[in-house]
Structure formats: structure tokens, C-alpha cells
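What follows is a set of notes on a single structure, which appears directly below.
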Amino acid sequence: METKIIAYIIERKDYDMFDEILTFLTENGQKITCFAPGTRKILSKNGRNIFIGSSAEVVFFKARTENKMSKLKKIWILKYFPWDYRGDKNFLLLSELMEKTVFFSLDTFTFYQYCVDAISLESLPENLLTLVILEKYLKLSGVNFETAKCVGCEESNFTNISLKMHGFVCEKCDKEKNKYPPEVIKCFYYLFEEEYMKIEKFLTEGTYVQLIHLLKKYILDNLGIKISSL
């Protein structure tokens with residue numbers, strides 16, 4: 001059955017000599033994989049419209065059984081993702097997260113759209129955007145962080161970060177082995193409060209490295225995803 005969708009191209013893999021396997025993230029949050037015959041040939045019209053990170057109108061023949069793959073018929077680029085950003089660390093991070101994501105939804109599409117736009121428009125400094133992508137991915141996956149009060153006693157003044165307790169802790173409730181610097185705590189707070197621009201003045205290279213370590217550990221502990229692109 002012929003089907004038409006609007007989707008982002010999130011992955012392409014070589015198959016045989018001239019073919020590819022394409023993965024799409026549709027505007028209603030579905031992940032669809034298609035066999036794309038002949039797209040690696042020099043004169044392929046479809047091949048000229050396949051760019052990772054770009055949105056496209058896609059026509060394909062839907063597989064009739066679960067053990068078979070859908071087959072690409074036609075693809076047209078709607079919004080081109082610039083080639084210059086294919087090696088960008090944040091785009092590589094986004095691609096890795098999509099590859100390791102198991103459950104897709106409309107929120108996944110919204111997340112991907114936000115990320116590719118932020119990368120191509122350079123709407124945030126590179127290091128800050130890396131932190132934002134990780135924070136948004138945690139929330140997308142149902143993992144949040146309590147920012148309003150101490151997670152141990154509801155005290156409003158907190159002094160440390162507790163990944164195990166999913167929030168900040170005050171001095172009385174702090175059982176953590178690591179005591180994080182004030183700049184790291186402030187950045188972590190503003191990050192999960194989505195007050196991103198307040199992070200910039202605290203974001204030295206050392207603070208960034210500590211925040212990346214924290215977020216990667218938080219993702220590994222809660223989602224079982226080990227991030228290798230950072």
C-alpha cells in the first residue's frame with residue numbers, strides 16, 4: 001500500500017552496492033524504516049534528496065507483513081539541514097540518542113525538531129546547547145529533577161546535588177560522597193528550570209566538563225544509555 005508521510009531523515013545505512021536503509025521520524029512520532037533501492041547511484045533522483053537531519057515528504061510502499069521492510073518510492077526535501085553541521089558535536093550527540101531510543105512519540109519529533117533548528121540556527125552557544133539537549137532528552141524519557149526544594153526535608157535552601165534522590169539536598173540531608181562546586185549546582189538548577197541563558201556566566205570549561213559527567217551518569221543510571229559521542 002502506497003503511503004505518504006512528512007518526516008525527518010534520522011539515519012541512513014549502506015546496503016549492498018547501490019541501495020540504502022533509511023530511518024524516518026514522522027511528524028506524528030513514529031519511527032519508520034524503509035529499503036531505498038538505487039539511492040547510492042550517481043543519477044538517482046531520490047539519492048539527491050536524502051540528507052540526515054532534513055525534513056522531507058516521503059512516499060513509500062508499506063510492508064504487508066512485520067518481517068518485511070517498507071520500500072521507498074519517492075522523497076522530496078522540505079527543509080534542508082546544512083551539510084556544514086553534519087560533524088557538529090551536538091548533531092552527532094542527537095544522532096546517537098535517536099539510534100539508542102526505544103520508544104518514540106510526538107514528543108520525540110518535537111525534541112528532534114528543536115535540536116536540529118537550534119544546531120543550524122546556532123541559537124545557543126555550543127557547550128550550552130549540549131547541556132540543553134541532554135536535559136531535554138532526560139525529560140522526554142520521563143526523568144526529571146526536583147528543583148523547588150530539598151528532596152529530603154523540603155527545605156528551600158539546598159547545598160548539593162543528589163542524582164540518586166533526583167533532586168537537590170540541603171546540608172542536613174546531604175549523604176553524597178561528592179560535594180559539587182557552587183557554580184555546578186547553580187548551572188544544574190538553571191538547566192532543569194529551563195533558564196538557559198542564566199547558565200552562560202558560570203559555564204567555564206571546568207564547570208562544563210563536570211556537568212557533562214553528571215548528566216551522562218544520570219542518563220546511564222536511569223535510562224541505561226551510555227553516551228559515547230561526548
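Quick caveat, the model's predicted, so the values are computed rather than measured. For the numbers below, each heavy atom of this structure counts, side chains included, while hydrogens, waters and symmetry mates do not. Numbers for residues simply follow the sequence, beginning at 1.
Nearest heavy atoms, M69 versus F35: SD-N, 3.5 Å. Summarising the geometry of C115 relative to L94, their closest heavy-atom pair is CB-CD2, 3.6 Å, with the distance given to 0.1 Å.
With hydrogens and angles disregarded, no donor-acceptor distance shorter than 3.5 Å links the side chain of S123 to the backbone of I119. In this structure, S54 contributes its side chain and F81 its backbone to a donor-acceptor pair below 3.5 Å. Judged by distance alone, with hydrogens and angles left aside, the side-chain atoms of N46 form a donor-acceptor pair with the main-chain N or O of K73 at under 3.5 Å.
Within 6.0 Å of atom CH2 in W83, 12 or fewer heavy atoms from other residues, nucleotides or ligands are found, so the atom counts as exposed in its surroundings. Remark: L43 CG is loosely packed, at most 12 non-hydrogen atoms of other residues, nucleotides or ligands lying under 6.0 Å away.
Annotation: ring pair (Phe, Tyr, Trp, His ring centres under 6.0 Å) contacts of H166 (sequence neighbours excluded): Y218. For the side-chain contact (heavy atoms from CB on, under 4.5 Å) test, residues two or more places apart in sequence or in another chain that qualify with C187 are I199, F202, T207, L211. Scanning for salt bridge (Lys or Arg N to Asp or Glu O under 4.0 Å) contacts around E195 gives K198, with sequence neighbours left out.
By the 30° and 60° cut-offs, the orientation of the rings of Y137 relative to F111 is tilted.
Residues K179 and N160 form a side-chain contact, since some pair of their non-hydrogen atoms from C-beta on lies under 4.5 Å apart. Annotation: side chain of I227 is in contact with side chain of L93 (closest heavy-atom distance under 4.5 Å). Taking 4.5 Å as the limit, some side-chain heavy atom of K62 sits within range of a side-chain heavy atom of S70. Between I185 and P182, every side-chain heavy-atom pair lies at or beyond the 4.5 Å cut-off. Looking only at side-chain heavy atoms (C-beta outward), E96 and K100 come within less than 4.5 Å of each other. At a threshold of 4.5 Å between non-hydrogen side-chain atoms, the residues L215 and F188 count as touching. Looking at heavy atoms from C-beta onward, L163 lies in side-chain contact with L214 at the 4.5 angstrom threshold. Between I75 and F24, the closest side-chain pair of non-hydrogen atoms falls below 4.5 Å.
K149 and E155 are not joined by a salt bridge, as no carboxylate oxygen comes within less than 4.0 angstrom of a charged side-chain nitrogen. In summary, D14 and R40 engage in a salt bridge, as defined by a charged side-chain N under 4.0 Å from a carboxylate O.
Residue pairs meeting the salt bridge (charged side-chain N to carboxylate O under 4.0 Å, His left out) criterion with at least one partner in residues 209-225, sequence neighbours excluded, are K217-D221. Sorted by first and then second residue, the side chain to side chain donor-acceptor pair (under 3.5 Å) pairs with a member in residues 112-121 read K79-D117; sequence neighbours excluded.
In summary, of the residues considered (T101, D107, V102), a side-chain contact (heavy atoms from CB on, under 4.5 Å) with F104 occurs for T101 alone.
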Listed pairs under 3.5 Å, donor-acceptor, residues 127-135 side chains, sequence neighbours left out:
| residue | atom | partner | partner atom | Å |
| --- | --- | --- | --- | --- |
| N127 | OD1 | K89 | NZ | 2.6 |
| T130 | OG1 | N90 | OD1 | 2.5 |
| T130 | OG1 | E126 | O | 3.1 |
| E135 | OE1 | Y196 | OH | 2.7 |
| E135 | OE2 | K139 | NZ | 2.7 |

Would you check, one step at a time, whether the test side-chain hydrogen bond (donor to acceptor under 3.5 Å, both in side chains) holds for E20 with T39?
CA-CA 7 Å; E20 291 181 283; T39 52; 2.7 Å; yes
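A cation-pi arrangement, defined by a distance under 6.0 Å to the six-membered ring centre and an angle within 45 degrees of its axis, is present between K41 and F18.
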